[in-house]
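What follows is a set of notes on a single structure, which appears directly below.
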Amino acid sequence: MTDIRLYNTKTRTKETFAPIDPKNVRMYVCGPTVYDRAHLGNARPVIVFDVLYRLLRHVYGAGHVTYVRNFTDVDDRINETAQNRKAAGAAGTLEELIRERSNETIRWYHDDMDALGALRPDHEPRATEFIPQMVAMIEGLIASGHAYEKEGHVLFRVRSYAEYGKLSGRSIDDMIAGARVEVAPFKEDPMDFVLWKPSDKDLPGWDSPWGRGRPGWHIECSAMSHDLLGESFDIHAGGIDLQFPHHANEIAQSKCAHPKAEFAKVWMHNEMLQVEGKKMSKSLGNFFTVRDLLDKGVPGEVIRFVFLQTHYSKPMDWTEEKARQAKETLWKWRQQTSHVSVRKRPSVTPDSVYAALCDDLNTSLAISRLHQLSAQGDADELLASLELVGFGEDWQDDLRNDMANMRVLLAHEARFGELRQHALASKDFSLVDQLKARLLAAGVEVRMSKGGVELVPGPDFDPAKLEALK
RNA sequence: GGCGGGUUGGCGGAGAGGUUACGCAGCGGAUUGCAAAUCCGUGAAGACCGGUUCGAUUCCGGUACCCGCCUCCA
């Protein structure tokens with residue numbers, strides 16, 4: 001079997017992947033802060049590392065991969081929504097309303113990411129359910145001199161960890177020279193970051209040796225990954241914007257808390273998303289969520305396809321044109337594989353697509369190889385390969401659901417064929433052309449030949465428009 | 001100021017030191033009542049300037065432009 005090679009941000013090289021324990025390959029991906037709908041950029045790590053998860057399951061077996069992706073549900077924006085709802089007269093305590101908001105957002109997240117064809121991780125820990133582990137880790141860091149308490153805050157002492165910032169190639173002094181760090185009187189060093197901070201009386205908080213408070217952002221991931229995956233695990237991934245400070249701080253915390261362990265062996269970072277050539281932002285008016293696209297009628301698999309067309313390490317541009325092309329390509333492949341019965345699906349994925357994925361998740365190359373399989377007319381292999389990258393799993397169901405529509409279409413086909421036979425004799429095609437135009441408008445492909453006519457639903461097939469033809 | 005990513009044919013987007021990427025669009029043809037779909041064929045590239053080399057779009061150096069991070073934003 002081909003080796004999997006992955007670009008490791010930590011070593012700045014592409015390395016052959018060798019799991020610590022092939023019976024339990026472990027990966028951790030930084031998940032969302034659940035304060036609102038996921039925007040399109042949030043979908044990129046989900047899709048990219050879903051492909052990695054699928055690849056690892058393919059190679060090591062579905063039961064031998066553990067994928068953890070957290071939910072950060074300690075956040076001021078969540079609190080704010082809850083407070084606003086309470087002020088507007090919503091029933092329940094503030095704590096209940098906060099929990100409700102998180103639950104609601106998590107539900108949305110699941111709905112949206114499911115629609116993109118992303119498998120659910122094996123564990124989706126919520127920060128609020130791991131507070132004791134965080135407290136324990138912080139206590140350990142204080143005991144070993146890597147952290148200190150000041151005015152109800154606990155801060156990590158960055159000068160106590162010589163390799164601080166190495167992941168992103170920064171030195172502490174470089175960063176201070178950048179001079180955009182928060183200066184707080186209780187910090188020994190401007191780069192020291194918060195592990196624990198006090199909480200206002202009217203905001204959620206947890207009892208701790210340092211008083212009632214809440215955890216800093218970075219300690220969450222360190223505590224949860226440790227609890228669910230252990231001191232050392234194989235892959236830690238996330239967006240490149242998290243490389244600093246989030247991942248730098250995670251490394252500092254975890255390495256200092258467990259000095260003998262390696263923590264994450266491989267660090268992977270996906271590049272950012274742009275929209276029509278520009279950064280997605282509310283001020284530019286090009287900000288939208290995954291749900292916005294789904295509601296506009298862009299299928300999740302189309303979004304997935306567009307994302308996978310660009311290698312994860314490169315900036316990716318979302319455009320309408322790409323979505324349009326993706327839709328047509330997927331439709332073509334769906335048609336091409338429609339006759340492949342479930343039982344005949346091959347279990348072994350063809351080398352070409354698999355090999356592309358093994359080369360640092362080269363999904364772009366994988367897609368071009370799917371095109372090749374399509375051109376060769378190898379429907380079995382095409383479908384098997386599609387499933388490896390997360391497409392086509394529900395296509396058979398779709399086609400079954402379409403049976404009712406197919407019957408309607410067949411009726412039209414018979415009538416249309418008859419009409420055309422007469423037209424061929426009379427040379428008057430006006431009625432035929434009229435009907436054809438309407439069929440096309442309903443998204444039906446009209447195929448005519450000497451043998452007769454065939455009506456096939458196209459990518460934009462709309463049965464409702466067909467009804468009007470009666 | 002520091003750190004990092006990008007620049008490939010009309011558009012999207014890969015690999016490889018020398019040989020066709022691939023897809024979309026275009027063009028020519030087959031097919032068609034006309035189309036669509038399909039099939040066959042085909043032109044077109046690597047920001048700029050140097051260097052290494054028999055040979056670079058691919059390696060090295062520099063320049064330009066775009067983007068991100070250094071502000072709990074994936």
Side-chain angles (χ1 to χ4, degrees), chain A residues 9 12 29-33 35 38-49 69 72 74-77 165 167-171 173-182 191 193-194 197 215-221 237-246 248-249 269-274 277-282 306 309-317 319 321-322 324-326 328-329 332 335 356 359 362-372 374-375 377 420 423-429 432-433 436-437 439-440 444-451 453-456 458:
Chain A
T9 310
R12 313 254 159 203
V29 176
C30 288
T33 301
Y35 65 96
H39 68 246
L40 193 61
N42 289 307
R44 196 164 187 201
V46 173
I47 293 172
V48 163
F49 299 117
R69 187 180 62 210
T72 296
V74 180
D75 180 75
D76 283 333
R77 289 162 296 188
L167 181 71
S168 51
R170 302 159 202 245
S171 74
D173 295 321
D174 282 350
M175 288 182 283
I176 290 172
R180 276 201 286 174
V181 280
E182 183 195 352
M191 290 308 293
F193 58 90
V194 168
K197 59 187 169 189
W217 175 40
H218 315 295
I219 196 71
E220 295 176 7
C221 286
I240 191 144
D241 55 334
L242 294 182
Q243 194 183 68
F244 191 91
H246 183 55
N249 294 355
H269 293 97
N270 62 276
E271 255 292 346
M272 299 290 103
L273 173 104
Q274 297 181 302
K278 300 208 165 141
K279 182 184 178 171
M280 185 166 78
S281 73
K282 285 179 179 166
V306 170
Q309 263 185 315
T310 304
H311 191 256
Y312 75 86
S313 66
K314 286 192 172 186
M316 188 213 117
D317 198 17
T319 65
E321 174 60 15
K322 284 186 182 178
R324 192 192 61 73
Q325 283 187 20
E328 286 189 8
T329 300
K332 186 170 113 183
Q335 296 276 303
D359 184 12
N362 195 336
T363 51
S364 178
L365 187 62
I367 285 176
S368 70
R369 288 179 173 167
L370 288 169
H371 279 296
Q372 285 172 351
S374 166
R420 181 162 169 274
L424 282 172
S426 68
K427 301 288 177 206
D428 176 9
F429 292 97
V432 177
D433 287 342
K436 186 180 81 178
L439 287 166
L440 291 176
V444 178
E445 277 175 13
V446 182
R447 302 178 183 172
M448 289 182 255
S449 68
K450 279 189 180 136
V453 300
E454 195 186 351
L455 301 185
V456 179

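For the numbers below, each heavy atom of this structure counts, side chains included, while hydrogens, waters and symmetry mates do not. We name chains A, B, ... by the order of the sequence lines, and we start the count at 1 in each one. Here the structure is a predicted model, which is why all the values come from computation and not from measurement.
Between B:C49 and B:G9, the two C1' atoms lie 23 Å apart (nearest whole Å). For the C1' atom pair drawn from B:G29 and B:C48, the interatomic distance equals 41 Å after rounding to whole Å. The separation of B:C22 from B:G43, taken at their P atoms, amounts to 11 Å, rounded to a whole angstrom. Using atom P as the reference point in both B:G12 and B:G28, the two lie 25 Å apart (nearest Å). Rounded to the nearest Å, the gap between the C1' atom of B:C70 and that of B:G10 is 39 Å. For the P atoms, the distance from B:G13 to B:C24 is 16 Å, rounded to whole Å. Rounded to the nearest Å, the gap between the C1' atom of B:G15 and that of B:U8 is 12 Å. With P as the reference atom, B:G6 and B:U58 are 14 Å apart, rounded to whole Å.
Closest contact between the side chain of A:Leu424 and the listed nucleotides B:C67, B:A74, B:G33 involves B:G33. Considering only side-chain atoms of A:Glu445, the nucleotide from B:A36, B:U7, B:A35 that sits closest is B:A36.
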Could you list all N or O pairs between the protein and nucleotides 18-27 of chain B that sit under 3.5 Å apart?
unit_1 : atom_1 : unit_2   : atom_2 : d
B:C24  : O2'    : A:Gln325 : NE2    : 3.1

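For B:G33, the base has a donor-acceptor partner in the side chain of A:Asp433 [N/O atoms by modelled type, under 3.5 angstrom]. For B:A74, the base has a donor-acceptor partner in the side chain of A:His39 [N/O atoms by modelled type, under 3.5 angstrom]. Residue side chain A:Lys436 reaches the base of B:C34 through a donor-acceptor N/O pair under 3.5 Å, judged by distance alone.
The nearest whole Å value for the distance from the NE2 atom in A:His311 to the C1' atom in B:A14 is 10 Å. Distance A:Met191 CE to B:C3 P: 15 Å, rounded to the nearest Å. Going from atom CZ of A:Phe244 over to atom P of B:U71 covers 6 Å, rounded to whole Å. Rounding to whole angstrom units, CH2 of residue A:Trp217 and C1' of B:A74 are separated by 9 Å. Spacing between atom NE2 of A:His218 and atom C1' of B:C70 amounts to 13 Å, rounded to whole angstrom units. Rounded to whole Å, the distance from CG on A:Leu242 to P on B:A74 is 7 Å. Spacing between atom CZ of A:Phe429 and atom P of B:C34 amounts to 8 Å, rounded to whole angstrom units. Whole-Å rounding puts the A:Arg420 CZ to B:G33 C1' distance at 7 Å.
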- Could you walk me through whether A:Met448 and A:Leu424 pass the side-chain contact (heavy atoms from CB on, under 4.5 Å) test, one step at a time? CA-CA 12 Å; A:Met448 289 182 255; A:Leu424 282 172; over 6 Å; no
- Which is it for A:His39 and A:Leu273 under the side-chain contact (heavy atoms from CB on, under 4.5 Å) test, yes or no, and what are the steps along the way? CA-CA 11 Å; A:His39 68 246; A:Leu273 173 104; 5.9 Å; no
- Report the C-alpha distance between A:Glu271 and A:Arg44 in whole Å, list the side-chain angles of each, state the deciding distance to 0.1 Å, and finish with yes or no for side-chain contact (heavy atoms from CB on, under 4.5 Å). CA-CA 9 Å; A:Glu271 255 292 346; A:Arg44 196 164 187 201; 3.9 Å; yes
- Task: Verify side-chain contact (heavy atoms from CB on, under 4.5 Å) between A:Lys436 and A:Val453, making sure each step is shown before the conclusion.
- Result: CA-CA 11 Å; A:Lys436 186 180 81 178; A:Val453 300; over 6 Å; no
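Using a 4.0 Å heavy-atom cutoff across all strands shown, A:Val432 reaches at least one base atom of the nucleic acid. Using a 4.0 Å heavy-atom distance criterion, A:Gly238 is classed as a sugar-phosphate-only contact. When heavy atoms are screened at a 4.0 angstrom cut-off, A:Thr310 is found touching the sugar-phosphate backbone but no base atom. A:Arg77 comes within contact range of the sugar-phosphate backbone alone, with a heavy-atom separation under 4.0 Å but no base atom that close. Using a 4.0 Å heavy-atom criterion, one finds that A:Leu273 contacts the bases of the nucleic acid, with or without backbone contacts as well. Using a 4.0 Å heavy-atom criterion, one finds that A:Glu454 contacts no nucleic acid atom at all.
Residue A:Asn362 places at least one side-chain N or O under 4.0 Å from the OP1 or OP2 atom of B:G15. Distances shown here put every side-chain N or O of A:Lys314 at or beyond 4.0 Å from the OP1 or OP2 atom of B:C67.
A salt bridge links A:Glu328 with A:Arg324: the closest approach of a Lys/Arg side-chain nitrogen to an acidic carboxylate oxygen falls below 4.0 angstrom.
RNA chain B contains the following stems of three or more consecutive Watson-Crick or G-U pairs, with both distances under 3.5 Å: B:1-7 with B:64-70, B:10-12 with B:22-24, B:26-30 with B:38-42, B:47-51 with B:59-63.
Of the two residues contacting RNA chain B, namely A:Val446 and A:Asp317, the nearest-nucleotide position lying further toward the 5' end is that of A:Asp317. Of the two residues near RNA chain B, A:Arg12 and A:Lys427, the one whose nearest nucleotide lies more 5' is A:Arg12.
For the pair A:Asn270/A:Phe49, a side-chain contact is recorded, criterion being any heavy-atom separation below 4.5 Å from C-beta on.
A:Asn362 approaches A:Leu365 most closely through the heavy-atom pair OD1-N, 3.0 Å. Of all the heavy atoms in A:Val446 and A:Leu439, the pair that sits closest is CG2-CB, 3.9 Å. Taking each heavy atom of A:Glu220 and A:Thr72 in turn, the nearest pair found is OE1-OG1, 3.0 Å.
Nucleotide B:G46 carries a syn base; the chi torsion (O4'-C1'-N9-C4 or O4'-C1'-N1-C2) is within 90° of 0.
Side chain of A:Thr363 to backbone of A:Gln309: no donor-acceptor contact under 3.5 angstrom is found. With hydrogens and angles ignored, the 3.5 Å screen pairs no side-chain donor or acceptor of A:Asp428 with any backbone N or O of A:Ala423.
A distance of 9.5 Å separates SG of A:Cys30 from CG of A:Asp241, quoted to the nearest 0.5 Å.
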